[in-house]
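Quick caveat: nothing in here was measured; it's all calculated off a predicted structure. Every chain is numbered from 1, with letters handed out A, B, ... down the list of sequences.
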Amino acid sequence: MLTLTQIREQAAPVLAGLQKKHFAGAEAALAEAVALDDRRKAAQLELDTLNARANALAKEIGGLMKAGQKDQAEAAKAESSALKTQAKDLEETLRTTEQALQQLLYTLPNVPHPSVPPGRTPDDNEVVEQVGTLPELFNGAEPHWDIIKRLDLIDFELGTKITGAGFPVYKGKGARLQRALINFFLDQAQAAGYHEILPPIVVNEASGYGTGQLPDKEGQMYQIPVDGLYLIPTAEVPITNLYRDHLAKREDLPYKNAGYTPCFRREAGSWGAHVRGLNRLHQFDKVEIVQVQLPENSYPALEQMCAHVAGLLQQLELPYRRLRLCGGDMSFASALTYDFEVFSAAQKRWLEVSSVSNFETFQANRLKLRTKTEDGKTQLLHTLNGSALALPRIVAALLENNQQPNGHIHLPKALWPYTGFEKI
RNA sequence: GGAGAGAUGGCCGAGUGGUCGAUGGCGCUCGCCUGGAAAGCGGGUAUGCCCCCAAAGGGCAUCAAGGGUUCGAAUCCCUUUCUCUCCGCCA
């Protein structure tokens with residue numbers, strides 16, 4: 001959520017930023033926000049003045065009663081009662097104005113960083129780097145969904161039977177590979193200084209608002225209406241919300257947390273071609289890294305997180321590229337996002353396996369996550385997160401890129417201690 | 001799920017209708033004292049919003065949350081949430 005200070009004091013860059021994100025009606029929305037805020041302040045001032053008078057009267061009455069000046073006390077009571085009626089109306093005005101302002105602010109996306117390229121679609125994303133050589137497969141090489149079936153690693157039909165499409169059942173070495181990857185990613189995160197968290201995988205409504213899933217994107221989450229809870233779409237939600245309503249001590253920063261969770265996404269309306277096999281699922285596993293940083297350190301931290309992700313992909317010996325997302329392709333809450341994609345040799349496609357973002361103060365403002373500056377002023381912190389990494393497409397690439405003419409799959413060395421086997 | 005008790009500032013804890021944003025202690029911090037430290041002494045130490053260019057200063061709100069009674073509520077009443085104890089159920 002943008003702050004009123006941003007909207008008022010950086011009007012031109014904010015407007016340009018919203019336009020870069022292709023937010024329709026940006027100019028009118030910003031003007032409306034300022035107008036609502038003006039109304040809010042006016043109502044607040046009026047109400048405060050009124051309350052100040054009422055408080056003064058209440059104090060007087062005590063004295064008058066003691067002094068036995070009953071008539072004057074009664075007169076003061078009458079005035080105080082009248083003030084109270086007025087205050088009720090003002091409180092109502094203030095409440096509705098604040099609510100309208102809040103609702104409006106919820107609809108405004110974050111302002112992108114100056115380095116974000118313009119553009120609307122994934123084609124406009126900028127390739128920052130590409131690392132590793134694209135593998136040449138032998139004749140008759142299979143896409144991962146055929147490999148999975150032939151080696152009985154993952155059973156999609158069984159998943160459909162017990163739950164529904166997009167909920168795979170991992171079996172044998174397929175299951176073991178999941179566990180190996182999770183442990184590998186967590187160990188790597190720990191080595192990079194992240195504190196391990198195992199959070200709940202359902203969250204309440206307040207947490208959904210904190211990280212920006214709510215309002216608006218509830219259609220993307222599985223819901224438990226009887227209890228008002230949501231299945232998490234990513235560990236970012238519970239781990240970032242650890243710091244909701246939090247005033248951080250400066251010397252404790254940064255916070256660096258990593259956590260494994262299953263992730264649940266309804267993916268309403270996004271099924272079609274190109275989503276076979278592991279390319280898109282309703283439930284998948286992911287290790288997420290999350291940082292809370294002082295504003296001046298957040299962009300170096302973003303680079304550090306990207307380096308961490310790149311290191312994982314190199315150890316897994318997967319060719320990858322890093323993209324800087326364009327204004328139209330980045331998420332609502334992000335100021336700058338890098339996507340990492342691995343090359344899936346049999347599909348001959350790049351698959352997104354990680355998304356690393358700096359949200360600047362956008363989430364912190366919703367979360368009320370702050371610190372004090374040296375001179376005692378309150379300051380919003382910056383939040384960042386990144387996948388490190390999401391499993392399914394990593395598995396797809398590992399299977400496709402490392403398949404041998406004899407039908408086996410060779411696993412990268414880094415995983416051997418975790419799998420207990422070198423090939424499948 | 002049933003019965004009871006409770007929720008106060010970073011922490012502990014006092015406060016049962018009137019100058020209480022809240023005694024006191026701990027912690028933290030600044031100063032004095034000291035060769036230095038400890039002890040001791042003195043000061044400071046919540047959050048949000050608003051007025052103000054800013055600072056200084058001031059106002060309002062907040063004692064789990066929401067509502068009510070009252071001129072006035074941490075204190076009385078109602079609702080909700082959470083915590084603890086006992087019982088029930090249970091990986």
- Message: Can you tell me which nucleotide in B:G72, B:G59, B:A61 comes closest to the side chain of A:Asn51?
- Response: B:A61
- Which sits closer to the 5' end of RNA chain B, A:Asp48 or A:Ala78, going by the nucleotide each is nearest to? A:Asp48
- For B:A22 versus B:A61, give the span between their C1' atoms, rounded off to a whole number of Å. 15 Å
- Task: Can you tell me the distance, in whole Å, between the CG atom of A:Asn55 and the P atom of B:G21?
- Result: 9 Å
- Query: So does A:Glu303 have more than 12 non-hydrogen atoms from other groups sitting under 6.0 Å from CD?
  - Reply: yes
- Task: By nearest nucleotide on RNA chain B, pick out whichever of A:Ala54 and A:Leu247 is the more 5' one.
- Result: A:Leu247
- Message: Could you tell me how far apart A:Lys249 (NZ) and B:A46 (P) are, to the nearest whole angstrom?
- Response: 15 Å
- Message: Distance check, C1' atoms only: B:G18 and B:G88, in whole angstrom units.
- Response: 48 Å
- Note on the structure: Applying the 3.5 Å cut-off to both distances, the Watson-Crick or G-U partner of B:A55 turns out to be none
- pair_partner(B:C20), Watson-Crick or wobble, both distances < 3.5 Å, evaluates to none
- Given atom CZ of A:Arg40 and atom C1' of B:A61, what is their separation to the nearest angstrom? 13 Å
- Is A:Ala76 touching bases, backbone alone, or none of the nucleic acid, heavy atoms closer than 4.0 Å? nothing
- Mate of B:A14 where both pairing distances stay under 3.5 Å, Watson-Crick or G-U: none
- Query: Given atom CG of A:Asp245 and atom C1' of B:A65, what is their separation to the nearest angstrom?
  - Reply: 13 Å
- Using the C1' atoms only, state how far B:C12 lies from B:U19, rounded to an integer number of Å. 27 Å
- Query: Taking the P atom of each, how far is B:U23 from B:G43, in whole Å?
  - Reply: 14 Å
- Under-4.0 Å side-chain N/O to phosphate OP1/OP2 contact, A:Lys88 with B:G68: yes
- In terms of side-chain geometry, is the basic nitrogen of A:Arg349 or A:Glu341 positioned less than 4.0 Å from the acidic oxygen of its partner? no
- Note on the structure: Side-chain contact check for A:Lys372: nearest option of B:G68, B:G48, B:C71 is B:G48
- Quick one: do A:Glu352 and A:Arg322 make a salt bridge, cutoff under 4.0 Å? no
- Item | B:C84 versus B:A64 - spacing of their C1' atoms, nearest Å | 15 Å
- Can A:Ile232 and A:Val202 be said to form a side-chain contact (heavy atoms from CB on, under 4.5 Å), step by step? CA-CA 6 Å; A:Ile232 58 170; A:Val202 293; over 6 Å; no
- Look through every strand shown and name the nucleotide pairing with B:G42 as Watson-Crick or G-U wobble, where both distances are under 3.5 Å. B:C30
- Item | Nucleotide forming a Watson-Crick or wobble pair with B:C60, both distances under 3.5 Å | B:G48
- Item | Between C1' of B:C60 and CG of A:Leu94, the distance in whole Å | 11 Å
- Whole-Å gap separating P (B:G59) and CG (A:Leu45): 14 Å
- Query: Once you round it to whole Å, what is the distance between P of B:G48 and CG of A:Leu369?
  - Reply: 13 Å
- Item | Spacing of the C1' atoms in B:C33 and B:G21 (rounded, Å) | 34 Å
- Distance, C1' atom - from B:C63 to B:A55, rounded to whole angstrom: 32 Å
- Query: Hey, does A:Thr378 reach any base, or is it just sugar-phosphate, or nothing, if we go heavy atoms under 4.0 Å?
  - Reply: sugar-phosphate
- Identify which one of A:Arg266, A:Gln220, A:Lys286, A:Gln213 satisfies the side-chain contact (heavy atoms from CB on, under 4.5 Å) criterion when paired with A:Pro233. A:Gln213
- Which part of the nucleic acid does A:Arg370 contact within heavy-atom distance under 4.0 Å: base, sugar-phosphate only, or nothing? sugar-phosphate
- Task: Using a 4.0 Å heavy-atom cut-off across all strands, classify A:Leu57 as base, sugar-phosphate, or nothing.
- Result: nothing
- Assert yes or no for the condition that the ring centre distance of A:Tyr222 to A:Tyr230 is strictly below 6.0 Å. no
- Query: Using the P atom in both, what is the distance from B:C77 to B:A73, to the nearest Å?
  - Reply: 15 Å
- If pairing requires Watson-Crick or G-U wobble contacts with both distances under 3.5 Å, which nucleotide is the partner of B:G6? B:C82
- Query: Quick one: which of B:C50, B:U47, B:G72 gets closest to the side chain of A:Gln44?
  - Reply: B:C50
- Message: Could you tell me the Watson-Crick or G-U partner of B:G72, where both distances fall under 3.5 Å? Say none if there is no partner.
- Response: none
- Item | Complement of B:G1, any strand, by Watson-Crick or G-U distances under 3.5 angstrom | B:C87
- Item | Verdict with reasoning, A:Glu196 to A:Tyr260, per side chain to side chain donor-acceptor pair (under 3.5 Å) | CA-CA 8 Å; A:Glu196 185 170 336; A:Tyr260 153 73; over 6 Å; no
- Item | More than 12 heavy atoms from other groups under 6.0 Å of CZ on A:Arg8 | yes
- Please work out if A:Lys84 contacts a base, only the sugar-phosphate, or nothing of the nucleic acid, heavy-atom cut-off 4.0 Å. base
- Query: When the distance from CZ of A:Arg95 to P of B:C49 is rounded to whole Å, what number comes out?
  - Reply: 20 Å
